[in-house]
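Here the structure is laid out as structure tokens; the discussion comes afterwards.
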Amino acid sequence: MVAIIVHGGAGTIRDESRIPKIKKGVGEAVLAGWRELKRGSALDAVEEAVKALEDNPLFNAGTGSVLTVDGKVEMDAAIMRSNLEAGAVAGIWGVKNPISVARKVMEKTDHVLLGGEGAVKFARLMGFNDYNPTTEERIDQWKKLREKLLNDGQIPHWKKISELIREYPEVLRSTVGAVAFDGGEVVAGTSTGGVFLKMFGRIGDTPIIGGGTYANEFAGASCTGLGEVMIKLVLAKSAVDFVRFGLTAQKASEAAISIATEHFGSDNAGVIMIDARGNIGFAKNTKHMSVAYLNEEMKEPYIGV
Ligand code: GLY
């Protein structure tokens, strides 16, 4: 069954008046992906859905990405097909849609992951124009959060990142992603600005194949949350492996998140999945995770936070 699911990040939405806008954003993204899926391509569907989220400044990816400790935007993205073709960028800046650059890495190079200056250089070669994804809202948040953390003496660095995020859940403004099945293949894609006040050069789980993004002939998965957790647990691949060993996409999502909780406590992880029959699954150990999905049996998308 043809199907698509998107997420706009897991975490705590402290200002709940934002929720209707967030729901609208994931709803629009799933419909953008669905339009492509109806034309027959899970790959185009995932790219378009993720682009819609990257272009919406509410979400922490593309326009509206959070800022590093030194006030810069460094974005990560990855896309992967069930035939194991994959492309990713890490610590890229100056582009509007990192997911599209990741797709070009997959289609135009022999590599999987390009980082930093090399990724920017490649993007320019591929015709991606210079673009500043920094928004005023993110600059204000960066100033306030940095002040607060420095005054409270909570950081000179990210040694206690999990505790820090528990205390300041707004630090984790997480990631967007999409997974789609077009009747033939599953494709997964993820994009993020990372974590507020991350150290310059820090790379999260999103562009790490198997960490935050994975697809094979059994299923696809896109993760959200604190990247260090997903990297250490190879969480996207683990979730897909659960499907390989017989779990439904929903049970596999729950099993993957329970591993994250078991090792690192709650408030750090979410995952969306589709298996190679089009069955959908999603799970989180955070208060919120914005999700929208649609399949051919549904008249309109499910949208939840
Ligand atoms: N999950 C996004 C990040 O930690 O970078």
Side-chain angles (χ1 to χ4, degrees), residues 1-11 13 18-39 41-65 76-81 97-100 102-103 173-182 185-193 205-206 212-215 219-225 236 239 249-250 253 257 269-275 278-284 286 288-296 298 300-305:
M1 183 181 7
V2 168
I4 180 165
I5 181 166
V6 308
H7 69 75
I13 305 166
R18 292 168 68 97
I19 287 179
K21 280 190 196 154
I22 290 172
K23 285 171 92 169
K24 184 167 179 274
V26 289
E28 286 167 358
V30 86
L31 290 175
W34 185 250
R35 279 192 288 278
E36 293 302 326
L37 206 50
K38 293 305 276 179
R39 292 194 190 108
S41 168
L43 182 60
D44 290 341
V46 165
E47 183 182 2
E48 285 309 311
V50 173
K51 275 172 69 178
L53 293 161
E54 285 177 337
D55 291 345
N56 186 333
L58 275 181
F59 299 103
N60 173 22
T63 304
S65 286
D76 301 333
I79 194 159
M80 186 167 189
R81 311 178 69 163
N97 294 112
I99 193 72
S100 300
R103 180 172 175 176
R173 287 241 191 266
S174 204
T175 313
V176 305
V179 187
F181 175 64
D182 60 18
E185 72 165 342
V186 181
V187 177
T190 318
S191 181
T192 189
D205 59 309
T206 296
T213 310
Y214 199 75
S222 168
C223 294
T224 162
Q250 181 55 36
S253 301
I257 295 304
V271 64
I272 57 169
M273 300 188 74
I274 291 187
D275 70 19
N279 299 306
I280 282 168
F282 62 96
K284 62 175 168 46
T286 52
H288 299 113
M289 179 169 76
S290 50
V291 168
Y293 64 82
L294 188 55
N295 66 31
E296 43 196 5
M298 297 165 68
E300 53 188 52
Y302 162 90
I303 303 173
V305 170

Hey, is the main chain of Gly193 close enough, under 3.5 Å, to the side chain of Asn60 for a donor-acceptor pair?
-> yes

What residues form a salt bridge (charged side-chain N to carboxylate O under 4.0 Å, His left out) with Asp182, not counting sequence neighbours?
-> none

Using modelled atom types only, decide if a donor and an acceptor are shared between the side chain of Thr224 and the backbone of Ala10 within a distance under 3.5 Å.
-> yes

Just jot down the side-chain contact (heavy atoms from CB on, under 4.5 Å) partners of Leu43, sequence neighbours excluded, or say none.
-> Ser41, Ile79, Arg81, Arg103, Met106, Glu107, Glu185, Val187

Partners of Lys51 by salt bridge (charged side-chain N to carboxylate O under 4.0 Å, His left out), sequence neighbours excluded?
-> Glu48

Can you name the nearest heavy-atom pair linking Leu37 to Ala42, along with the distance?
-> CD1-CA, 3.7 Å

Partners meeting side chain to side chain donor-acceptor pair (under 3.5 Å) with Thr190 (sequence neighbours left out) | Thr213, Ser222

Can you sort out the partners of Asp55 under side chain to side chain donor-acceptor pair (under 3.5 Å), two or more places apart, ordered by chain and number?
-> Asn97

Salt bridge (charged side-chain N to carboxylate O under 4.0 Å, His left out) with Lys24: which residues, sequence neighbours excluded?
-> Glu28

Closest non-hydrogen atom pair, Ala219 against Met273 | CB-CE, 4.2 Å

side-chain contact (heavy atoms from CB on, under 4.5 Å) involving Asp205 - partner list, sequence neighbours excluded | Cys223, Met230, Ile231

Distance col, row Ile13:CD1 vs His288:NE2, nearest 0.5 angstrom, shows 5.0 Å

The side-chain contact (heavy atoms from CB on, under 4.5 Å) partners of Ala292 (sequence neighbours excluded) come to Val6, Val26, Val30, Ile303

Taking all heavy atoms of Glu54 and all of Pro98, pick out the closest pair and write down the distance.
-> OE2-CD, 3.3 Å

Which atoms form the tightest heavy-atom contact between Phe59 and Gly8, and what is the distance?
-> CD2-O, 3.4 Å

Decide yes or no for Leu31 and Pro301: does some side-chain heavy atom of the first lie under 4.5 Å from some side-chain heavy atom of the second?
-> yes

For Ala3 and Gly278, work out which heavy atoms get closest and say how close.
-> CB-O, 3.4 Å

Residue pair Ile4 / Ala49: nearest heavy atoms and the distance that separates them = CD1-CB, 4.2 Å

With Met1 via side-chain contact (heavy atoms from CB on, under 4.5 Å) - residues at least two apart | Asn295, Glu296, Glu297

Do Val2 and Trp34 touch side chain to side chain, with heavy atoms closer than 4.5 Å?
-> yes

Qualifying residues under side chain to side chain donor-acceptor pair (under 3.5 Å), relative to Ser290, sequence neighbours excluded = none

Using the test side chain to side chain donor-acceptor pair (under 3.5 Å), find all partners of Asp275 that sit at least two apart in sequence or belong to another chain.
-> Asn279

Mark yes or no for whether Gln250, through its side chain, and Phe282, through its backbone, hold a donor-acceptor pair below 3.5 Å.
-> yes

Quick one: do Thr175 and His7 satisfy side chain to side chain contact (heavy atoms under 4.5 Å, CB included)? Show the steps, please.
-> CA-CA 8 Å; Thr175 313; His7 69 75; 3.9 Å; yes

Value for CD1 (Ile274) from CZ (Phe181), rounded to nearest 0.5 Å, stands at 9.0 Å

Out of curiosity, Tyr293 OH to Ile272 CD1, how far, rounded to the nearest 0.5 Å?
-> 12.0 Å

